[in-house]
Amino acid sequence: MADDLWPANLTESNLVTPVAILREQAALLGDKTKQLVTGEVQTQTTGNLFVHSFYVAAPTLNYRYELFRVQHPAAFYPLVLAQGQTTTQLKSEGEFKNKLKEVFSSQLTLNVVHSILAQVRS
Amino acid sequence: MTRFLFWNLNKREIPGFVSTLAREKDVDVLILAECVMRPERVLEELNAKASDYQYAWGVSDHLIFFTRFHSHLLRPLFESSRVSIRRLSLPGRESILVAAAHLPSKLGFSDESQVFESVQLARAICEVEAGEGHHRTILLGDLNMNPFEAGMVGARGGLHAVPSRSVASRDTRTVQREKYKFFYNPMWNYLGDRGDTGGTFYYENAEPVCYFWNMYDQVLLRPDLLEGFRPEQVRILSEIRGVSLLQNGRPDKQMASDHLPVMLELNF
């Protein structure tokens with residue numbers, strides 16, 4: 001039998017992935033709007049990077065708007081958040097969450113959510 | 001236990017009834033037919049107190065779906081104006097197919113024409129099942145036929161839905177050297193007057209043949225989903241939180257709809 005060179009704690013992990021954080025926030029958006037406007041996260045891989053797109057969506061209109069994109073290697077951080085032409089490097093989970101709060105509170109995000117909500121209700 | 005509810009609203013704008021019913025019965029998948037309310041309006045009412053329900057997008061103009069699961073878990077695989085066949089894939093469980101239909105009414109279609117509609121529906125289901133590689137399928141809908149009509153019972157193109165669970169559990173039947181998969185139709189148990197009603201839709205006229213109560217709204221299950229299933233897991237609902245949907249023993253179409261809702265509780 002071959003020697004097992006892997007450590008015993010190989011599968012023990014309590015890391016919170018960036019995509020889990022994004023999905024939580026996506027679900028919260030739906031909760032706040034009676035599911036009229038929802039958040040969606042779509043993940044792709046390219047090379048050794050994970051790329052997560054965060055959308056603001058209107059399911060009844062079959063419409064979605066990409067608010068920003070996050071990409072990171074297998075080790076999560078540093079990750080890059082790209083919104084429009086602007087990219088920001090974030091070195092930790094704390095920095096990532098702070099940036100998300102900033103993005104969600106921005107006038108752009110408010111405009112997008114308000115506009116989609118109005119479109120849904122019109 | 002996953003709860004499915006189908007209700008033909010008869011174009012009535014009754015979001016409060018729909019919401020109360022869904023909440024009272026803990027409905028997981030809600031399918032509405034003849035719903036003239038925009039999905040947004042239903043959604044706002046459903047989620048007035050908690051945002052549990054999502055609209056599950058589709059293109060069928062006769063049927064709309066809402067679900068307490070993430071809407072991505074209830075994806076359309078086949079849709080037409082009157083039919084929607086979706087994959088319900090819940091975490092940790094084998095996926096099933098949820099088919100819904102609102103077939104043309106007897107007002108516009110002869111019995112013979114309805115058989116052809118039934119054939120189209122059965123074919124669509126079989127094609128999606130072939131694509132998915134399984135027969136774990138339920139069908140809910142206003143089929144505008146009674147369980148005993150040819151389009152419901154017939155093999156060789158029909159839905160082949162039989163009243164006997166033991167017969168349906170034989171899985172297939174050979175007719176003219178070809179095998180046909182059964183559906184089990186538990187709605188036969190509700191014909192007659194053992195329950196509150198003798199069907200889901202009441203129509204009385206002066207023709208010599210008149211059934212009065214009709215079982216147009218039905219739930220059918222493939223034998224693959226019958227393990228542990230009890231007929232009581234299908235119910236015709238005649239009240240919502242103590243408010244009767246009947247007047248003089250018939251669906252109160254002034255207050256709610258001329259059809260009664262049907263509910264299925266399913267373990268899979």
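Throughout, protein chains are lettered first and strands after them, A, B, ... in sequence-line order, and every chain is numbered starting at 1.
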*Taking atom CD of E95(A) as the centre, report whether more than 12 heavy atoms of other residues, nucleotides or ligands fall under 6.0 Å from it.*
yes
*About how many Å separate NZ of K34(A) and CD of Q54(B), when rounded to the nearest 0.5 Å?*
15.5 Å
*Can T60(A) and E40(B) be counted as having a side-chain donor-acceptor contact under 3.5 angstrom?*
yes
_Taking side chain as everything from C-beta outward and backbone as N, CA, C, O, which of these in H72(B) sits under 4.5 Å from a heavy atom of chain A? Side chain, backbone, both or neither._
side chain
_Flag if over 12 foreign heavy atoms under 6.0 Å of CZ, F78(B)_ = yes
*E44(B) versus Q35(A): any side-chain heavy-atom pair under 4.5 Å?*
no
_Under 3.5 Å donor-acceptor, R38(B) side chain and V120(A) backbone_ = yes
*Are Y55(B) and P59(A) side-chain neighbours, meaning at least one heavy-atom pair lies under 4.5 Å?*
yes
_Counting only heavy atoms from other residues, nucleotides and ligands, does the tally under 6.0 Å from NZ of K25(B) exceed 12?_
yes
*State whether the number of non-hydrogen atoms from other residues, nucleotides or ligands found under 6.0 Å of R87(B) atom CZ is greater than 12.*
no
*asked:* Let me confirm one number: the CG-CG distance from N47(B) to L36(A), rounded to the nearest 0.5 Å.
replied: 7.5 Å
*Are more than 12 heavy atoms from other residues, nucleotides or ligands located less than 6.0 Å from atom CZ of R69(A)?*
no
_Residues, nucleotides or ligands: over 12 heavy atoms within 6.0 Å of E232(B) CD_ = yes
